[in-house]
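These notes are about the structure you will find just below.
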Amino acid sequence: MKTRFISLIMIASAIAFASSCDKEGGENNGPVTPPDGGGEETTFIAQVNEDGSILVGSDNGVDRINSLIKAIDTYADQKDLTVTEVNADGEIVGTDKTVDCSNVFLLERGGEYMIQGKGKISSDVTIKAEDGDGELPVIEPLSDATGAVVADMLVLEASARFENIHFYMRDPVTDIIQERVLRVEAEGATLELNNCFNEYCRNHYIRMEAGDVTVKLINSTFRNFAMGASTNGRVIDARKNAMKQILIDNCLFYNVTGKIFRQDGQPIEDITITNSTFYNCGYGLPIYMPKKMTVENNIFANCGYYTAAFPYGLKEDGTHDLDPVSGLAHNSNYFLDITGCTQIQADQTTIQAINDVDPSTIIINIRNNNIYNEQWLLDTYAEYKETALKDPIEATSLELGDEEQWLKDNGATINIENTIEEVISFEKSCGALSDEYLARIMTGDDDGSPITESYYVTGEYSFLYTAGQSLTAATDGGKLGIRW
């Protein structure tokens with residue numbers, strides 16, 4: 001577990017600070033009074049910059065908790081704020097300048113920002129690290145006096161952009177792992193994570209509770225997502241909400257048991273996945289009702305092991321049940337699996353479109369990807385051949401199945417090209433999943449109980465490589481996977 005500085009003695013009532021200020025100026029190195037001059041004091045430290053950004057002081061876990069949420073509630077969308085500065089004594093004092101809040105909230109390098117209870121953000125905001133080269137500021141959950149951690153840490157009732165943030169989703173007091181991290185409740189909102197390090201999650205990291213949402217994951221790392229049932233540990237869960245866009249660019253995912261994104265029976269207008277590395281992920285790319293999709297210049301290593309072990313509808317005698325959505329024998333052993341567009345008619349041979357799908361509007365380009373399994377995973381399948389229900393997922397199984405071929409024959413643009421299968425020698429990867437976890441998956445003993453610590457990794461892993469075909473296999477002649 002990552003070591004963090006925090007007082008484990010939580011004080012129920014806030015300690016009085018030496019001084020306070022209001023909008024008109026004065027010292028501001030203690031509790032801040034809301035800009036309208038009224039309301040109760042809120043225990044956080046903040047500095048109003050000339051550009052309208054707000055520098056939020058770090059929490060300490062004792063008399064400062066939820067500083068980020070309190071600062072947003074206090075300053076977002078406010079006009080004529082008094083600009084503050086730090087004087088020679090290190091105190092924050094007011095000036096004679098005023099500025100409108102830019103809704104940019106800066107977090108201190110190396111600071112810790114604790115969310116106790118469910119934090120709500122109701123204004124469009126940007127939350128980012130202050131300029132500099134220090135450690136990323138950490139946002140983390142904090143249990144209450146009873147030791148409980150709420151299921152949803154941050155509820156977004158507006159758009160939010162996070163940049164240069166470390167999301168560490170383990171409570172530093174109880175060690176409980178956060179169940180859900182970012183819950184989007186605003187119709188048409190945009191959520192962006194740029195250059196963020198995201199670790200630990202049980203159910204799903206990003207959950208939709210509204211439609212037409214755009215999620216952008218850029219230059220970021222995601223790891224250690226898992227729960228008892230391995231269908232959990234998802235990165236994005238649409239929860240039956242049609243989404244506008246998912247953009248994943250130059251990101252690293254490893255030790256993620258669930259789907260990178262789960263559509264749950266609703267379409268996504270645009271899915272773009274480029275220059276990213278996926279390692280030890282439980283699923284391939286199951287797609288429901290695709291419209292526009294681009295997947296190129298990526299590395300998928302050891303992805304799909306969960307569906308390969310327990311493919312949907314596969315019985316022990318090797319035959320398939322029919323997929324209740326498409327009416328077809330559903331083969332999860334394919335890395336790419338498109339459903340929700342077609343169904344088979346009563347004659348059991350004729351395929352037709354469903355859900356008002358117009359095949360001519362579908363554009364899917366999957367090209368220049370490296371998809372492979374490492375030897376440890378192949379050995380695992382061999383070891384559990386008698387108990388696992390399926391042979392290993394075919395690393396390059398991107399050939400078209402019944403649905404995909406029918407869509408293409410009826411006007412859909414489906415281009416799958418330049419797929420390679422090259423095992424890469426990464427300079428530093430997290431390596432094989434634990435034997436304990438693999439036994440649980442391969443023998444069907446996944447009873448939903450919590451994942452043990454043997455699954456999680458805590459080291460620093462670059463996933464860089466310096467040799468092989470993948471160095472020049474991208475569409476632009478460059479390297480596949482992350483480009484850091």
Side-chain angles (χ1 to χ4, degrees), residues 190-194 206 208 212-220 222 234-238 242-253 256 259-263 266-279 281 283-301 303-304 334-341 357-372 395-401 403-408 410-422 470 472-484:
T190 295
L191 168 62
E192 179 177 332
L193 301 177
N194 193 326
I206 301 169
M208 300 301 115
D212 201 33
V213 172
T214 294
V215 174
K216 298 180 180 181
L217 310 179
I218 304 170
N219 306 324
S220 295
F222 303 81
R234 307 174 192 123
V235 180
I236 302 170
D237 196 333
M243 294 181 63
K244 183 176 182 179
Q245 182 187 34
I246 290 178
L247 169 66
I248 299 174
D249 181 56
N250 200 31
C251 287
L252 172 62
F253 301 80
V256 174
K259 296 178 181 179
I260 301 302
F261 54 88
R262 177 188 183 224
Q263 294 178 243
Q266 291 295 326
I268 299 172
E269 292 288 334
D270 185 351
I271 301 170
T272 301
I273 305 173
T274 53
N275 291 108
S276 294
T277 299
F278 301 81
Y279 189 90
C281 295
Y283 286 76
L285 291 176
I287 308 300
Y288 184 84
M289 292 181 64
K291 296 192 175 183
K292 180 182 179 183
M293 180 176 181
T294 300
V295 181
E296 62 184 21
N297 302 334
N298 304 290
I299 296 171
F300 296 91
C303 294
Y334 287 130
F335 181 84
L336 170 69
D337 188 23
I338 297 175
T339 59
C341 296
V357 171
D358 179 359
S360 68
T361 64
I362 296 174
I363 302 175
I364 299 175
N365 290 302
I366 300 180
R367 54 196 172 213
N368 299 68
N369 297 288
N370 184 7
I371 307 173
Y372 66 91
T396 56
S397 58
L398 295 183
E399 61 267 20
L400 301 182
E403 284 194 280
E404 293 88 347
Q405 188 60 57
W406 185 90
L407 291 170
K408 188 169 184 177
N410 286 271
T413 299
I414 303 179
N415 296 317
I416 301 176
E417 58 191 14
N418 301 328
T419 302
I420 65 173
E421 185 178 357
E422 178 190 40
S470 296
T472 57
T475 53
D476 60 0
K479 66 182 294 189
L480 300 181
I482 52 175
R483 298 185 175 184
W484 296 346

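Please read these numbers as outputs of a predicted model, since none were measured by experiment. Numbers here simply count residues along the sequence, with the first being 1.
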May I ask you to decide if A473's main-chain N or O and N368's side chain share a donor-acceptor pair within less than 3.5 Å? yes

Between CG on residue N194 and CG on residue N219, distance to nearest 0.5 Å: 5.0 Å

Quick one: do the E422 and S470 side chains pair a donor with an acceptor below 3.5 Å? yes

Heavy-atom pair with the smallest gap, counting every atom of M289 and V357: CE-CG2, 4.2 Å

Measure the shortest side-chain to side-chain distance between Q245 and I271 over non-hydrogen atoms and say whether it is less than 4.5 angstrom. no

Would you give the length of the straight line joining atom CG of D270 to atom CE of M243, rounded to the nearest 0.5 angstrom? 11.0 Å

Taking the side chain as everything from C-beta on, heavy atoms only, tell me whether Y283 gets closer than 4.5 Å to V256. no

Please list, chain by chain and in numerical order, all residues satisfying side chain to side chain donor-acceptor pair (under 3.5 Å) with T475, sequence neighbours excluded. N297

Rounded to the nearest 0.5 angstrom, the CD1-CD distance for I236 and Q263 is 10.5 Å

Pair T419, I371 - check side-chain contact (heavy atoms from CB on, under 4.5 Å), show working. CA-CA 7 Å; T419 302; I371 307 173; 4.0 Å; yes

Any residue meeting side chain to side chain donor-acceptor pair (under 3.5 Å) with E269, in chain and number order, not counting sequence neighbours: K291

Would N365 and T294 count as a side chain to side chain donor-acceptor pair (under 3.5 Å) here? Give the steps. CA-CA 5 Å; N365 290 302; T294 300; 4.7 Å; no

Rounded to the nearest 0.5 Å, what's the gap from CG on L217 to CD1 on I248? Could you check? 5.0 Å

Can you check side-chain contact (heavy atoms from CB on, under 4.5 Å) on F278 and I260, steps first, answer last? CA-CA 9 Å; F278 301 81; I260 301 302; 3.9 Å; yes

Which atom of I414 lies closest to which atom of K408, heavy atoms considered: O-NZ, 3.3 Å

Counting N and O atoms only, with roles assigned by atom type, does the side chain of S220 sit under 3.5 Å from a partner on the main chain of I218, one being a donor and the other an acceptor? yes

Would you say that C251 contacts F222 through its side chain, given a criterion of any heavy-atom pair below 4.5 Å between the two side chains? yes

Point-to-point distance, once rounded to the nearest 0.5 Å, from OG of S276 to CG of N250: 6.5 Å

CG of L193 to CD1 of I206: how many Å apart, nearest 0.5 Å? 5.0 Å

What residues form a side chain to side chain donor-acceptor pair (under 3.5 Å) with T361, not counting sequence neighbours? none

Quick check: does any side chain N or O of T214 sit under 3.5 Å from a backbone N or O of K244, one acting as donor and the other as acceptor? no

Of the non-hydrogen atoms in G478 and D476, which two are nearest, and what is the gap between them? N-OD1, 2.9 Å

Step by step, would you call R262 with D237 a salt bridge (Lys or Arg N to Asp or Glu O under 4.0 Å)? CA-CA 5 Å; R262 177 188 183 224; D237 196 333; 3.2 Å; yes

Within a strict 4.5 Å, meaning less than it, do heavy atoms of the F253 and V235 side chains meet? yes

Within the 3.5 Å criterion, strictly below it, is a donor on T413 or N415 matched to an acceptor on the partner's side chain? no

Working note: M208 + V215, criterion side-chain contact (heavy atoms from CB on, under 4.5 Å); need CA distance, chi angles, decisive distance, verdict. CA-CA 10 Å; M208 300 301 115; V215 174; 3.7 Å; yes

Note: N410 and W406 closest approach over all heavy atoms is ND2-O, 2.8 Å

Find out whether C341 and I362 are in side-chain contact, i.e. whether some heavy atom of one side chain is under 4.5 Å from a heavy atom of the other. yes

Over all heavy atoms of both residues, which pair between I273 and N298 is shortest? Give the atoms and the distance, please. O-ND2, 3.0 Å

